[in-house]
**Student:** 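Here it is, the structure in full.
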Amino acid sequence: MDYKFFMPQTSLMGPDCLKTAGTEIAKLGFKNCLIVTDKVLNKIGLVSKITRMLEENNISFSIYDETSPNPTVTNVNNGLKKLKENNCDFIISLGGGSAHDCSKGIALLATNGGEIKDYEGIDKSKKPQLPLVSINTTAGTGSEMTLFAIITDEERHIKMSLVDKHLTPLMAVNDPLLMIAMPKSLTASTGMDALTHSIEAYVSTIATPITDACAEKSIELISQYLVRAVENGEDIEARDMMAYAEYLGGMAFNNASLGYVHSMAHQLGGFYNLPHGVCNAILLPHVQEFNSTVSAERLAKVAKILGGNIEGLSPQEGAALCIKLIKELSVKVGIPSGLKELGVKESDFEILATNALKDACSLTNPRKGSKEEIIAIYKAAM
């Protein structure tokens, strides 16, 4: 079987790389930008750093700052309207996965037309999206460099998974100096999101030696630096290494895809409007316990990378240690102990499980589950 590998044409990493980004954008010859972000980042002054960069390079801009934490069909449509009104020829997304995913939706519709729901699923578009530069302010989602976008359909109360090579940003920018303002809770949830990406890619049915290498290094960096980043947001080394960790996790799942953690978390986010990283963190050990009957050797390797001693342990014992270490890390960074704390109701599990099995991320989970088994995982995570 042959495999493909996708990532942005250009990626900029490291402290102060935002300065380089302005020069690189100018070289591309774009004239008029739509900045897609949220009101918080606009209020605290991060957007002004982008506008100054554009002004220094004689690029015009408009600002759309209405992106929701779980970007919606309405967000995409309103952003597209603003883009057309201002005749923008490219987009800059500033933020975490919400801004990037919303921008991807806008950029895809700008060139392909139709409605965003037309592109739910895998490779539904025919044309490349409008050029997109994704500037990251969190260390978790990987959306600044992936071909994934998650958009909430408010009418159906579900998160739509769009997986399309045309959604890949032209340029990804990861400047840790833009991440200093992240509060502890967001640092923790996005960091656990990155860990979920790497572990799900590592046990995926389409993992390759390339994605394995990315996932292993990502897990190693997260084990070393996430707690530091949560405890001290101004620890630039920790911020920088977490930016590398989330990018490597993005490289891994962008090409090996994901699994039931994400397909189940997407339903929780769409149904209850819950934070994605927190849902992932809570579900991760429970899904891997389900997977351990077929992925024990891989999970035992993850345990070792996380700092566990697997010498003398059977693969199944190593997998159990992995699950224990994941739970311990969640506790250290302050993740809620279960879904019940988030207001999730068991009466909704039937529809959540049904929709989870339809999610594109389910296709590469190493163990196939029935609806009843997915419901059991939700119950275990309560």
Side-chain angles (χ1 to χ4, degrees), residues 38 66-79 95-106 108-109 115-122 124 138 140-143 146-164 167 186 189-190 192-193 196-197 200 253 257-284 286-287 335-336 338-363 365 369 371 374-375 377-379 381-382:
D38 61 54
E66 297 177 19
T67 304
S68 304
N70 289 307
T72 65
V73 171
T74 300
N75 292 156
V76 171
N77 291 339
N78 289 344
S98 301
H100 304 324
D101 286 2
C102 185
S103 297
K104 290 175 180 181
I106 296 167
L108 199 69
L109 291 186
E115 300 179 21
I116 197 62
K117 67 181 180 181
D118 299 335
Y119 305 99
E120 183 178 6
I122 300 174
K124 295 295 182 68
T138 68
T141 71
S143 185
T146 70
L147 46 73
F148 287 74
I150 308 299
I151 305 295
T152 297
D153 184 333
E154 306 102 309
E155 291 184 3
R156 292 184 290 163
H157 298 288
I158 65 166
K159 283 191 172 186
M160 299 183 292
S161 295
L162 286 67
V163 185
D164 195 312
L167 290 173
L186 186 60
S189 64
T190 54
M192 292 301 293
D193 191 18
T196 304
H197 294 153
E200 288 216 286
F253 88 83
S257 196
L258 295 160
Y260 284 160
V261 179
H262 273 78
S263 62
M264 294 173 68
H266 289 159
Q267 312 320 312
L268 294 170
F271 207 82
Y272 300 103
N273 196 31
L274 295 172
H276 176 65
V278 174
C279 293
N280 274 344
I282 293 172
L283 289 167
L284 179 59
H286 300 285
V287 171
I335 298 294
L339 297 177
K340 187 177 289 186
E341 287 188 43
L342 306 181
V344 176
K345 300 175 182 177
E346 288 197 22
S347 57
D348 296 325
F349 286 171
E350 179 91 12
I351 185 65
L352 294 173
T354 298
N355 289 334
L357 288 170
K358 296 176 183 177
D359 190 291
C361 294
S362 289
L363 297 174
N365 196 75
K371 182 173 70 173
I374 301 301
I375 290 173
I377 297 172
Y378 276 128
K379 286 183 177 179
M382 285 294 278

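Numbers here are sequence positions counted from 1. Any value given below was found using the heavy atoms of this structure, including those in side chains, with hydrogens, waters and symmetry copies removed. These figures come from a predicted structure and were not determined experimentally.
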**Student:** Rounded to the nearest 0.5 Å, what separates atom CD1 in I122 from atom CG in D164?
**Tutor:**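 The distance works out to 10.0 Å.
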**Student:** List the atom of G369, the atom of Y260, and the distance in Å for their closest heavy-atom pair.
**Tutor:**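 Here G369 and Y260 meet closest at N-OH, 2.8 Å.
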**Student:** Roughly how far, to the nearest 0.5 Å, is CG of L283 from CG of L339?
**Tutor:**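 If I round to the nearest 0.5 Å, the distance is 5.5 Å.
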**Student:** Got a salt bridge between E120 and R156, using NZ or NE/NH1/NH2 to carboxylate O under 4.0 Å?
**Tutor:**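 Looking at R156 together with E120, the answer is yes, because their closest N to O distance falls below 4.0 Å.
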**Student:** Does any N or O in the side chain of H100 come within less than 3.5 Å of the main-chain N or O of G95, such that one atom is a donor and the other an acceptor?
**Tutor:**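 Confirmed, H100 side chain pairs with G95 backbone.
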**Student:** State whether the side chain of N70 and the backbone N or O of L274 hold a donor-acceptor pair below 3.5 Å, judged by distance alone.
**Tutor:**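 Such a contact is found between N70 side chain and L274 backbone.
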**Student:** Taking K104 for its side chain and S143 for its backbone only, find out whether a donor-acceptor pair lies under 3.5 Å.
**Tutor:**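 The answer is yes, because a donor-acceptor pair under 3.5 Å joins these two groups.
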**Student:** Is there side-chain contact between V73 and K117, with heavy atoms separated by less than 4.5 Å?
**Tutor:**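 V73 vs K117: side chains apart.
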**Student:** Can you tell me how far CG of N75 sits from CD1 of I116, rounded to the nearest 0.5 angstrom?
**Tutor:**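 Reported value, rounded in 0.5 Å steps: 11.5 Å.
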**Student:** Is a side-chain N or O of Y119 found less than 3.5 angstrom from the main chain of L109, in a donor-acceptor match?
**Tutor:**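 Not at all, since once roles are kept as given, no pair shorter than 3.5 Å links the two residues.
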**Student:** Out of curiosity, H266 NE2 to H276 NE2, how far, rounded to the nearest 0.5 Å?
**Tutor:**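 H266 NE2 to H276 NE2: 4.5 Å, rounded to 0.5 Å.
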**Student:** Please check this pair: side chain of N77 against backbone of T74, looking for a donor-acceptor N/O pair closer than 3.5 Å.
**Tutor:**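 Not at all, since once roles are kept as given, no pair shorter than 3.5 Å links the two residues.
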**Student:** What's the separation between atom CG in D101 and atom OG1 in T141, rounded to the nearest 0.5 Å?
**Tutor:**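 Reported value, rounded in 0.5 Å steps: 7.0 Å.
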**Student:** With distance as the sole test, does S362 use its side chain to make a donor-acceptor pair with the main-chain N or O of A356 at under 3.5 Å?
**Tutor:**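 Yes; judged by distance alone, with no hydrogens or angles, the pair exists.
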**Student:** Answer whether the closest heavy-atom distance between the side chains of I375 and E350 falls below 4.5 Å.
**Tutor:**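 Contact flag for I375/E350 side chains = yes.
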**Student:** Does K124, at its NZ atom, have more than 12 non-hydrogen atoms belonging to other residues, nucleotides or ligands within less than 6.0 Å?
**Tutor:**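 Enclosed: over 12 neighbouring heavy atoms sit under 6.0 Å from NZ of K124.
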**Student:** Rounded to the nearest 0.5 Å, how far does CE of M264 lie from CG of D359?
**Tutor:**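 Reported to 0.5 Å precision, the distance equals 11.0 Å.
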**Student:** Do you know the tightest heavy-atom contact between Y378 and A353?
**Tutor:**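 It is CE1-N, 3.9 Å.
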**Student:** Within the structure provided, determine whether P336 and L342 are in side-chain contact (heavy-atom separation under 4.5 Å).
**Tutor:**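 Yes, at least one pair of side-chain atoms sits under 4.5 Å.
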**Student:** Taking all heavy atoms of L268 and all of C279, pick out the closest pair and write down the distance.
**Tutor:**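 Reported closest heavy-atom pair: CB-SG, 3.9 Å.
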**Student:** So do L352 and K371 actually touch side chain to side chain, heavy atoms under 4.5 Å?
**Tutor:**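 A side-chain contact under 4.5 Å is absent here.
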**Student:** Could you tell me whether a side-chain N or O of E200 sits under 3.5 Å from a main-chain N or O of V261, the two making a donor and an acceptor?
**Tutor:**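 Checking the backbone N and O of V261 against the side chain of E200, a donor-acceptor pair under 3.5 Å is found.
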